[in-house]
Amino acid sequence: MRAARRFWPLAFLLLVLPAAAAEEVAGLPLHVQRLDPKTVRVWVGDHVSTTNVIGFATAKGIVVVDTTGVPKIDRELRGVIARELGRSDFAMLINTHEHGDHTAGNSVYADTVIVAHERCAAGMRRSPADREQVLRWQGQHIADLEKDLAKHPTASVAAKKAAEQLAFAHLNHEAWTANPELVVPTKTFADRLTLDMGDTAFELSYIGGLHSASDIAVFVPSRGILMTGDTMADRWLTDTPGCLASFVAREGVPHDFPLLLENGRRLLARKGEIRTILPGHWNGELSLAGFEARLKYVEALWDGVGRLAKEGRPLEEVHAAFPLEARFPDLAKSPGFNAFNHASTVSEIWATTTGLRNGASELFALVEAGAPEEQVRAVVADRGSRSPKYYFLEREINGRGYFFLQQQKRFPEAVRMFRINAELFPASWNVWDSLGEGLLATGDVAGARKAYEKSVQLNPENRNGKDALARIGAEAARSSS
Ligand SMILES: [Zn+2]
């Protein structure tokens, strides 16, 4: 067959070959997008949200932005980039941020200068416990995908999608199991850095704190290309948006909102030079308007929340003053925005401005570690102190209690959280109701009855509490008869 093909007319070959011989990388379909004669974007897969890898031919060698989470894929993609650009003088790799699905292929470019934000290396390191957890999750994910694949008729679109997701999950699992030595960036910066590659400048700037601690924007003005890593996207090409799915300030991720805003403004001032914005994964798109709207959102919150915080308004009031739907109607409809993420961003901006830490998280960590009661007391006593270190939100403490109760089935820890909440917010019928639920789970029926009674006393409309009391009463009558 192959020998015969050589003699077929050329036109026929051109018609037949692209469909018949789609190129694969590690068993996944390869995509090559030529952005201009000297710039190429490559990625694998049609149904998995993989990282795109972008290669730039410059006067001082090839510059690559990002790797995938799988060195096996990156080795092949490096070959594809070299073939497409017609050269193999790789000089530099830039990581848009610390996450493994952007940095785990760094080993493939260990012969080049690797550039990233100064927080990137710390973010790449994982504790052995975290690694164990990821490996366990991957094992479960593979088992789930196998089950999913078995459900679909062979050759159906759903089967094709499941098969590709399974293949990619296996590749990731292999990469994690191999656990190779980390290859961390060799050139780092804190706020901005311009790399002169002869005919091409790469302007790097921190835009972090809303996806990871180390997100940067990579702007290449001479090619009109701005790369924004996983910080944001406003349109999805698949139903698996992956890491681009949220725009949120999370607790535990260090922020520098003023620097993010300053760098954002600098980029927007040059929007006439931006022709293409490329998020970190192939299946997300970002418009200039979407980029601008997200920066405006952070700016509005930084100014507005900051002002209320300085006036000494409590966080509950600040949340009420910035409802997502009413304040940011366009963003509320945009992918990556929801009430939960928005509330997290508002809280983080407020915490940054006031310097207060989240009491719910501190209490959760203490209870989870089985800390002695004095340590818990010390945090609880902070409420109402003249120079507080923490802020306390009733619904957050309750949420942590339900995490113990429902997700982890750690009932004594759940009760401990709910008791703390009842102590901090004794006038809330809801916290007593939750405490009743926790106590019932531990088998303390008498304690549960008292908690539910308290809840119903505070709110005679509490249907759930009344039902629980009726059930407890009926159970007592049955066991005594
Ligand atoms: Zn990613």
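Because only heavy atoms are used, hydrogens play no part in the values below, and waters and symmetry mates are left out as well, while side chains stay in. First listed ligand is number 1; within each ligand, the first listed atom is number 1.
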Sub-2.8 Å protein N, O or S atoms surrounding the Zn ion (ligand 1): Asp101 OD2, His102 NE2, Asp230 OD2, Cys243 SG, His281 NE2

query: Are Asp111 and Arg78 close enough for a salt bridge, meaning some N to O gap below 4.0 Å?
result: yes

field: Phe322 six-ring face occupied by Arg327 cation (under 6.0 Å, within 45°)
entry: yes

query: Would the Phe247 and His342 ring centres measure less than 6.0 Å apart?
result: no

message: Taking the ring of His141 and the ring of His173, is the distance between their centroids below 6.0 Å?
response: no

- request: Any chance you could lay out the side-chain hydrogen bond (donor to acceptor under 3.5 Å, both in side chains) test for Thr68 and Asp74, step after step, and finish with the verdict?
  value: CA-CA 6 Å; Thr68 73; Asp74 284 300; 2.9 Å; yes

field: Cationic N near anionic O, under 4.0 Å, Arg87 to Asp89
entry: yes

